[in-house]
Amino acid sequence: MAKYKLEYIWLDGYEPVANLRGKTQIKEFKSFPKLEELPMWGFDGSSTRQAEGRTSDCMLKPVAAFPDTTRINGVLVMCEVMMPDGKTPHPSNGRATILDDPGAWFGFEQEYFLYKNGKPLGFPCGGGYPYPQGLYYTVGDIAREIVEKHLDLCLDAGINHEGINAEVAKGQWEFQIFGKGSKSAADQMWMARYLLMRLCEKYGVDVNFHCKPLGKDVDWNGSGMHSNFSTTYMREVGGKEYFEALMAAFDKYKNEHIAVYGPDNHLRLTGLHETQSIDKFNYGVANRGASVRVPHSFVNNGYKGYLEDRRPNSQGDPYKIASRILQTIATVPTGGAKKAKKK
């Protein structure tokens with residue numbers, strides 16, 4: 001038997017953006033524990049805006065486990081928050097009730113800024129701005145060591161990390177996470193965020209996930225979490241007619257999407273800096289200024305494959321984003337459904 005350090009990680013009750021919380025307990029196992037071997041664990045919900053002090057108990061339900069190579073026998077445990085009975089999801093638990101489909105694939109592109117002493121890394125110490133944005137895209141800087149270590153930590157944890165790049169603005173970076181099923185993909189994204197924030201503690205650097213940290217009135221890009229998505233039907237059947245019906249549905253429910261695509265998106269979705277205005281919906285082939293970018297490969301493959309929703313922002317909750325996308329897709333009949341109705 002070996003003693004394992006179990007870092008239980010959950011989302012608190014803060015709004016409009018939940019914070020990641022974590023605490024560690026020690027348990028003995030013969031080998032790396034399976035998910036079903038991990039016990040539920042209580043915590044003080046009054047300290048996380050999830051309970052009142054007079055009745056503060058909440059429960060943590062393990063839903064995913066990842067190796068933590070920064071610790072000997074370390075385990076990162078993603079949890080849902082439950083009520084004291086251990087069975088009823090807490091109102092802040094956005095994971096428990098979302099739509100999930102193992103045939104739905106999601107690729108999240110997480111943009112963020114690294115800050116130190118109240119300004120992005122690489123900005124002049126005396127105030128002001130560096131050279132205008134554009135020169136920094138894919139060009140490394142002082143943050144290279146951080147993002148490379150973060151990449152390794154994610155891969156060591158078994159997170160399906162697919163790449164990194166410096167972004168358009170100085171001090172801005174991006175990493176990409178891919179997963180099959182909305183819950184699995186979002187679990188990995190939240191854990192990747194956690195690993196980045198924990199790593200940055202060592203450098204005295206803050207991760208700024210706000211979608212427009214430099215303000216909307218300056219000529220600097222905001223941060224998104226572009227969400228690439230596909231379903232089994234989209235990948236295997238598709239077709240132009242289905243695609244157009246799907247885009248009509250995305251237009252119809254544009255307000256419902258914006259409602260869960262992250263706070264302060266009106267500062268980012270202005271029609272400038274590779275965005276469409278927040279009150280409009282459009283799509284276009286290879287158009288990074290559209291609400292939904294349609295890859296050339298999608299069209300060339302007979303309107304089959306994946307699409308990219310560019311509206312979600314960097315503070316968005318991937319659980320809610322993926323679920324809303326699946327909700328809208330579910331309103332669009334497939335070819336088989338149409339034939340059945342005709343009969």
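Every heavy atom of this structure was used, including side-chain atoms; hydrogens, water molecules and symmetry mates were not.
Within 6.0 Å of CD on Glu15 lie no more than 12 heavy atoms contributed by other residues, nucleotides or ligands. For CD1 of Ile26, the number of neighbouring non-hydrogen atoms (other residues, nucleotides, ligands) closer than 6.0 Å is greater than 12. The environment of Lys5 atom NZ is dense: over 12 non-hydrogen atoms of other residues, nucleotides or ligands sit within 6.0 angstrom.
Taking the six-membered ring where tryptophan is involved, the planes of Trp220 and Phe123 are tilted, since the angle between them lies from 30° to 60°. Note: Tyr283 and Phe243 have perpendicular aromatic rings, judged against thresholds of 30 and 60 degrees for the angle between ring planes. Ring-plane geometry between His161 and Phe175 is classed as tilted, the angle between the planes lying from 30 to 60 degrees on a 0 to 90 degree scale.
Residues Arg95 and Asp187 meet the side-chain proximity criterion, which asks for heavy atoms closer than 4.5 Å. Taking 4.5 Å as the limit, every side-chain heavy atom of His226 sits out of range of all side-chain heavy atoms of Arg293. Phe29 is listed as a side-chain neighbour of Leu6, based on a closest heavy-atom distance under 4.5 Å. Within the 4.5 Å cutoff, no side-chain heavy atoms of Phe229 are placed close to those of Trp105. Counting heavy atoms from C-beta outward, Tyr203 and Glu145 have side chains that approach closer than 4.5 Å. His210 places none of its side-chain heavy atoms less than 4.5 Å from the side chain of Pro263. Between Tyr303 and Glu244 there is no side-chain heavy-atom pair separated by less than 4.5 Å.
The distance from atom CG of Leu214 to atom NZ of Lys119, rounded to the nearest 0.5 Å, is 12.0 Å. Rounded to the nearest 0.5 angstrom, Asp206 CG and Leu114 CG are separated by 9.0 Å. Atom CG of Leu326 and atom OG1 of Thr331 lie 11.5 Å apart (nearest 0.5 Å). Of the inter-residue distances, the one linking Cys79 atom SG with Leu38 atom CG reads 8.0 Å to the nearest 0.5 angstrom. The line from CZ of Arg21 to CG of Asp44 is 10.0 Å long, rounded to the nearest 0.5 Å. Note: Met225 CE to Phe209 CZ = 10.0 Å, rounded to the nearest 0.5 Å.
The residues Glu7 and Arg71 are annotated as salt-bridged, a charged nitrogen and a carboxylate oxygen being separated by less than 4.0 angstrom. Under the 4.0 Å criterion applied to side-chain N and carboxylate O atoms, Lys254 and Asp251 are assigned as salt-bridge partners. A salt bridge is defined here as a Lys NZ or Arg NE, NH1 or NH2 lying under 4.0 Å from an Asp or Glu carboxylate O, and Arg198 with Asp68 meets this definition. Under 4.0 Å is where a charged nitrogen must lie from a carboxylate oxygen, and between Asp85 and Lys87 no such pair does.
Arg310 contributes a side-chain N or O that, together with a main-chain N or O of Arg288, makes up a donor-acceptor pair within less than 3.5 Å. One N or O on the side chain of Asp12 and one on the backbone of Asn19 form a donor-acceptor pair closer than 3.5 Å. Side-chain atoms of Asp156 never come within 3.5 Å of backbone atoms of Pro67 as a donor-acceptor pair (strictly under, hydrogens ignored). The main-chain N or O of Ser297 is never found under 3.5 Å from a side-chain atom of Asn301 such that the two would form a donor-acceptor pair. Distance alone, capped at 3.5 Å, places no donor-acceptor pair between the Ser46 side chain and the Ala51 backbone. Asn265 contributes a side-chain N or O that, together with a main-chain N or O of Arg311, makes up a donor-acceptor pair within less than 3.5 Å.
Applying the side chain to side chain donor-acceptor pair (under 3.5 Å) test between Ser223 and each of Gln315, Glu111, Gln172, Lys212 identifies Gln172 as the sole match. Among the candidates Lys61, Glu80, Gln50, the single residue satisfying the side chain to side chain donor-acceptor pair (under 3.5 Å) test with Asn93 is Glu80.
The cluster map of Ile, Leu, Val, Met, Phe, Trp and Tyr, joined by side-chain heavy atoms under 4.5 Å apart, puts Ile325 and Ile177 in the same cluster. Under a hydrophobic-cluster definition in which Ile, Leu, Val, Met, Phe, Trp and Tyr are linked whenever side-chain heavy atoms come within less than 4.5 Å, directly or via other members, Val75 and Tyr194 are assigned to different clusters. In the hydrophobic clustering of ILVMFWY residues, with side-chain heavy atoms under 4.5 Å counting as a link, Met247 and Met234 come out together.
In plain terms, the two heavy atoms of Phe108 and Ile321 that are nearest each other are CE2-CG2, 4.5 Å. Contact record, Ala96 with Lys183: O-NZ, 3.7 Å, taken as the closest heavy-atom pair. When every heavy atom of Pro39 is checked against every heavy atom of Tyr8, the shortest pair comes out as O-OH, 2.6 Å. Across Pro318 and Arg193, no two heavy atoms sit closer than the pair CD-NH1, 3.8 Å. Nearest heavy atoms, Val77 versus Met191: C-CE, 4.3 Å. Across all their heavy atoms, Ile159 and Ala192 have their closest contact at CD1-N, 4.0 Å.
Looking at His273 and Thr275, their side chains never bring a donor and an acceptor atom within 3.5 Å of each other. In summary, the side chains of Asn228 and Glu109 do present a donor paired with an acceptor at a separation below 3.5 Å, with no hydrogens or angles considered.
The salt bridge (Lys or Arg N to Asp or Glu O under 4.0 Å) analysis of residues 271-286, with sequence neighbours excluded, yields no pairs.
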- Given the rule in the side-chain contact (heavy atoms from CB on, under 4.5 Å) test, do Leu195 and Cys154 qualify, once you have shown the distances and angles that lead to the verdict? CA-CA 7 Å; Leu195 286 171; Cys154 287; 4.2 Å; yes

- Verdict with reasoning, Val81 to Thr48, per side-chain contact (heavy atoms from CB on, under 4.5 Å): CA-CA 11 Å; Val81 177; Thr48 60; over 6 Å; no

- Query: Is there a side-chain contact (heavy atoms from CB on, under 4.5 Å) between Val237 and Tyr242 once you walk through the steps?
  - Reply: CA-CA 9 Å; Val237 182; Tyr242 177 77; over 6 Å; no

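In this structure Trp190 satisfies the side-chain hydrogen bond (donor to acceptor under 3.5 Å, both in side chains) test together with Asp317, sequence neighbours excluded. Contacts of His257 classified as ring pair (Phe, Tyr, Trp, His ring centres under 6.0 Å), with partners at least two apart in sequence or in another chain: Phe250, Tyr261.
The cationic atom of Lys27 (NZ for Lys, CZ for Arg) does not lie both less than 6.0 Å from the six-membered ring centre of Trp41 and within 45° of the ring axis.
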